[in-house]
Number of protein chains: 2
Amino acid sequence: MPRSTFFNLPEERRNRLVREAITEFAERAYVEASLSQIAVRARIPKGSFYQYFEDKLDLYRWLLTEEVPRRKQEFLGVSPPVGGFWARLEHHVERGMAFLVEHPRLARLTAAAADPSAIAEVRGLHRSICEAGVAELRALLEEGVAEGAIRTPGADLEHATRLVSAVIGPGLTDLVLQELGAELHEVLGSDSLRRRLGGARRRRLAAWAIQFIRGGLDTGAPRSSTRKRQP
Amino acid sequence: MPRSTFFNLPEERRNRLVREAITEFAERAYVEASLSQIAVRARIPKGSFYQYFEDKLDLYRWLLTEEVPRRKQEFLGVSPPVGGFWARLEHHVERGMAFLVEHPRLARLTAAAADPSAIAEVRGLHRSICEAGVAELRALLEEGVAEGAIRTPGADLEHATRLVSAVIGPGLTDLVLQELGAELHEVLGSDSLRRRLGGARRRRLAAWAIQFIRGGLDTGAPRSSTRKRQP
DNA sequence: GTCCCATGCGACCGGTCGGTCATATGACCG
DNA sequence: CGGTCATATGACCGACCGGTCGCATGGGAC
């Protein structure tokens, strides 16, 4: 966690630091990212940085576990659970795409949890973020089971969650980039791409993905309901 | 490409270098990987390394585009196209999982194509590998369309390919790791995990994944067949 | 023998990194 | 005013990196 001095910082200075840190960690993996560069770009002496954070990992961890999720929540708002399960899931997916389009750098930081790393602490951090995401999705799918929208029996819900997670994570990201006709790195420089991928197209894509997932869960799961769990 | 001196090397020395390079690049992303470490572990002076390769990227590129694909082909063998489309796809998926289980390090190098990188050349290399993989899968799915096994009209095949790719790529990898109860990094140290994930369980998982994909393609695609392409 | 040349080799180079430390600054207190 | 204390600062540190360079070596050609 940041030191108290960080939170006492004049707002403009603190914002500069956070903004440049997000940019750096969005464009470069943890090891590639350079504190010196962040400091220079934020016009904050490196010595001062260490008054605000314990070290590089402290900053990274705070971004991934506090700042980015906070901003994501802010963007998503509180979405009241309206409509049937599939409509809710579709809405969830569409909002996720909207976040990717409106805040590419924040979305990239969220996705960084899937990056490999040779540093054990970073791996652990990424892992915990991944698992939290999977748990959230599993809870959502469990609602679908409870409502009878999904016929998957409990034993396979874990597997189903993983596949669905891959579809709405890397799969949809890939698809969105394809639609934009751009690479991730080009997209990061832009603050907002809403002009290139508006709500209508996003909703069409989301509906399409939901059809894919719905079909997969409907026919895929029940046939393997008799498999045994590993000991 | 490696220099000619590399291919003239005594076999044992060359194998040591290749083995240690594969290990290093499997465990660490490109930027994290250290030539010095590879050289030390392969007991080859760093000066000598530069007799064999232009630079670090030359080695990495050769591994990703030549050596690893060659070994993968060797492992997969020439699989004659027998059975219907879905049976063939299932076989394809099962063999992919087998490769992951029997040669985790090689499989990890193949998957490295999805890693982000701030180095333009590395990004380009990764991108070309990814696109090649997608093209291969698309060709396969086109067979399915030709045979009438998939009802997806042509316009959406590109999108469908991307989602299927996410399922059998990151999705299945995640699922396999879940089955193994291990993290990727733990798995890399082992040469073979066949005792922990044998053919029977692999086939069950593959069949499960195919059901998921089949259901997704059957119901998901046709409904959006009327959408317009972007200008 | 002597020359040549491909290859082996490790000390060395410039550069960047994450992180530290001695000092400077300036607000507040007596 | 002098003293104290939190904070600001940038020169500096040791480690490591990818890559180079000049010398060593050794097997033919003659």
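Proteins get letters first, then strands, A, B, ... in listed order; numbering begins at 1 in each.
- The pairing partner recorded for dA22(C) is dT9(D), the criterion being a Watson-Crick or G-U wobble arrangement whose two distances lie under 3.5 angstrom.
- When all heavy atoms of E24(A) and S34(A) are compared, the pair lying nearest together is OE2-N, 2.9 Å.
- In this structure, the side chain of H126(B) engages the main chain of D115(B) through a donor-acceptor pair within 3.5 Å.
- Residue contacts for I38(B): at a heavy-atom cut-off of 4.0 Å it reaches no nucleic acid atom on any strand shown.
- To the nearest angstrom, P of dC12(C) lies 14 Å from NZ of K46(B).
- dG18(D) atom C1' lies 14 Å from atom CD of E54(B), rounded to whole Å.
- In this structure, T5(B) reaches the sugar-phosphate backbone alone: every heavy-atom distance under 4.0 Å involves primed, P, OP1 or OP2 atoms, never a base.
- Across dT7(C), dG18(D), dC17(C), the shortest atom-to-atom separation from the side chain of S34(B) is found for dG18(D).
- Of the candidate nucleotides dG10(D), dC17(C), dT7(D), dG10(D) has the atom lying nearest to any side-chain atom of P45(A).
- In this structure, CZ of R43(B) is placed 15 Å from P of dG8(C), rounded to the nearest angstrom.
- In this structure, F53(B) places its CZ atom 13 Å from P of dG19(D), rounding to the nearest Å.
- Residues R88(A) and E94(A) are not paired through a salt bridge, judged by the lack of any N-O separation under 4.0 Å between the basic side chain and the carboxylate.
- At whole-Å resolution of the value, CG in D58(A) and C1' in dG18(C) are 14 Å apart.
- Following rounding to the nearest Å, I44(B) (CD1) and dC9(C) (P) show an atom-to-atom distance of 9 Å.
- Among dG19(C), dC17(D), dT9(D), the nucleotide with an atom closest to any side-chain atom of Q51(A) is dT9(D).
- Taking each heavy atom of K56(A) and A33(A) in turn, the nearest pair found is NZ-O, 2.9 Å.
- Nucleic acid contact for A39(A): none, since no nucleic acid atom lies under 4.0 Å from a heavy atom of the residue.
- E20(B) has no carboxylate O lying under 4.0 Å from a charged side-chain N of R14(B), or vice versa, which leaves the two without a salt bridge.
- The OH-C1' distance, from Y50(A) to dA8(D), rounds to 16 Å in whole Å.
- We find that NZ of K56(A) is positioned 17 Å from C1' of dT20(C), with the value rounded to whole Å.
- Counting non-hydrogen atoms under 4.0 angstrom, R13(B) reaches the backbone sugars and phosphates but no base.
- Here dG18(D) is the nucleotide among dG18(D), dT7(C), dC9(C) with the atom lying nearest to any side-chain atom of L35(B).
- Y52(A) comes within contact range of the sugar-phosphate backbone alone, with a heavy-atom separation under 4.0 Å but no base atom that close.
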